[in-house]
K.L.:
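Next up is a structure, given as structure tokens.
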Amino acid sequence: MTFLKYLFSKAHTEQFTITSSNGFHLRPVAQFVNMAKTFSCQINATFNSKTVDAKNINTLLSLSLEKGDSFTLEIKGKKAEVALEELHALFETLMHHDVEVKQIKKASHSYKSVCIKAEIISEGIAIAPLYHYHTKELISKSTLSFQEAVLKALDELENLYTTHKENNNAPIYLAQKALLDSLTKDAQTIELFTQQIDDASSQLLGTKLEAKRSDYQDILKRVKKHLGIELSITFPDTPFVLMAHDLLPSEVDLLTKTEVLGVILKETSILSHTAILLRSMGVTSLICDTTQLQEGANIIVDAHAGVVVHTPNKEDLQKANRQLKKDRTQNEIAFKRRFNTARTTKGQAIKVFANVADTHSAHKAKEEGAEGIGLLRSEFLFKEKQPTLELQVEAYEEIFALFKEVTVRTLDIGGDKNLPYINLPKESNPFLGIRGVRLFHTHPQIIAQQLQAIFIAAKGKTVKIMFPMISSVEEFNEAKAFAINVAKEHKLNIENIHFGMMIEVPSVLFLIEAFNEIVDFYSIGTNDLTQYLFAIERTHPTLKTDTLSPVIFSAISSIVQKATKPVSICGELASNKKAIAKLLHCGIELLSVSPSSIAQTKEEIRNV
Ligand code: PEP
Ligand code: MG
């Protein structure tokens, strides 16, 4: 393309709305920028009359986009249309998968000693002497130039990203790498780089991204380390509660090797990477004003009630110790019993299966005590590129080998779920448009190849196939006939394949008797069923539905009463502590929940 042609080429623009309650924060921005950089075209983002380069993590972050904000993406140049489509699909996935960090509800308490109110990062009880965080800068000789030190730090972050790729913390390292890369473009010396870090992090002051300032300090520390400037941190070798202004994500890693029982931070947020890491390590931690706290004092960190008990009396210590014992026993019991059948107090066995998205989460589900897979969200198996048949077969085989019972849902694309290699028409109401089973008409080849891969991988083993978003009997019959045809065409034996459906569309509530004649099983998707019952988009930035509304339980109860085939629940409601007893009373005997909720869901069932 000539320069003039490029200059006058049509710009492709689209509005992007932030639907995640966490805002458009560092990790998703890093992933977005990472993809934007793969295109040679010019990509700009505009918000509130400010236009920035969307390939630069820092400038994009400086828009401080929060939930409900809409920015315009303008793309000009080579393959602008493709770039827009792929970035759109990635953005939707990032918003959909960005787990909302909610404030943990505080329990009441009856401590008599002085209590300091705190915000909870990670629940638990810790009783130990308080230890202030001290560092000392140690300077040793380094032969590396600034540029070499930056390259070393980039390599280190790339390695951390690859080694953590299997868990949720990996994007933290990708984000830090992108930050380091963008900040060192102009800074050629450690002094200039330090100045850049200070400027960039002070721009975040007072914004929702303030908590990410520690990521900036963390990358500075990493580069300094390679220049021979290292901070030495010492920790006691007996149990302690750490008190600090804030911690850097890399310092949280260090804590795992110490006797730390609890952490109190003064300046962070429950959304910071430090908080995410503390939660994933299960370290009892809080945020509170630390000025009244004195080093060496024995304290209680009660991260159930959200208080720090300053110099507790004997009675308060006994109370906290009782709660600590109870917590430990409960967690130990839940963990030990995770492989045991969950029976209600009346002895009724309830199956607890897992909702998984890929081979990694399927393995995790096995370790966490899942008895089967109740929902394989196959749309997340291959998020970046269209997989070959062989790759699909391999993934299904690995998952099928883990459990006796596996339910695979055919691609549920549309609404808020997109894949870069599946083009869907732009619709004003995507949740009411081309979605789920409707793709059998719009993308028959992709669906046919997916079914072929499942049939090959099943190799005579019983596998359940579930169609999403079924709204009529005809739709189910067509989908099943399509699947049978695929098997015939490739001469594959499908005697052991069962065909069932998700119940997500309210019309199904009136058609159960007819479906009983044709389906092998049902699974209720309460996430979508709720949004369609109340006509409130599940990702709506301001409107909220009552997920525990009696309407939902009455719908479930009516389905169970009419169904003559097995009914399970795979929506979020299945692991909601407040819903489990009600679901069992409705007659549900199989709950499918996320792998990390299995042990706890089984314990809840045991109390019903
Ligand atoms: C549901 O709708 O409840 C469900 C389990 O499906 P998803 O959340 O994947 O749409
Ligand atoms: Mg659904």
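Every heavy atom of this structure was used, including side-chain atoms; hydrogens, water molecules and symmetry mates were not. In this chain, numbering begins with 1 at the start of the sequence shown. Numbering of ligands and ligand atoms starts at 1, following listing order.
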K.L.:
Taking all non-hydrogen atoms of both residues into account, name the closest pair between H88 and F16 and its distance.
P.N.:
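Distance-wise, the nearest heavy atoms are CA-CE2, 3.6 Å.
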K.L.:
Just jot down the salt bridge (charged side-chain N to carboxylate O under 4.0 Å, His left out) partners of E405, sequence neighbours excluded, or say none.
P.N.:
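With neighbours one apart ignored, the set is K351, K464.
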K.L.:
Between F382 and Y421 (judged by ring centroids, cut-off 6.0 Å), do the two rings come close enough to count as a pair?
P.N.:
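No, ring centres 6.0 Å or more apart.
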K.L.:
Determine whether more than 12 heavy atoms belonging to other residues, nucleotides or ligands lie under 6.0 Å from atom NZ of K336.
P.N.:
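Atom NZ in K336 is not crowded, with 12 or fewer foreign heavy atoms closer than 6.0 Å.
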K.L.:
Is the Mg ion (ligand 2) less than 2.8 Å from an N/O/S atom of D412, whether that atom is in the backbone or a side chain?
P.N.:
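It does not: D412 brings no N, O or S atom closer than 2.8 Å to the Mg ion (ligand 2).
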K.L.:
So F440 and F467, would you call those rings parallel, tilted or perpendicular, with 30° and 60° as cut-offs?
P.N.:
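Answer is perpendicular, since the angle exceeds 60°.
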K.L.:
For E572 and T547: C-alpha separation, side-chain torsions, deciding distance, then whether side chain to side chain donor-acceptor pair (under 3.5 Å) applies.
P.N.:
CA-CA 9 Å; E572 288 303 300; T547 49; over 6 Å; no
K.L.:
Write out the protein residues near ligand 1, meaning a non-hydrogen atom under 4.0 Å from one of its atoms, in order of chain and number.
P.N.:
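Those residues closer than 4.0 Å to ligand 1 by some heavy atom are L375, R377, R409, D412, K417, R435, M502, E504, G525, T526, N527, D528, R538, C570, G571.
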K.L.:
Would you check if the distance from the ring center of F32 to the ring center of F24 is below 6.0 Å?
P.N.:
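Centroid distance F32-F24: below 6.0 Å, so yes.
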K.L.:
At the Mg ion (ligand 2), what angle lies between atom OE2 of E504 and atom OD2 of D528, rounded to 10 degrees?
P.N.:
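Between OE2 of E504 and OD2 of D528, the angle at the Mg ion (ligand 2) is about 100°.
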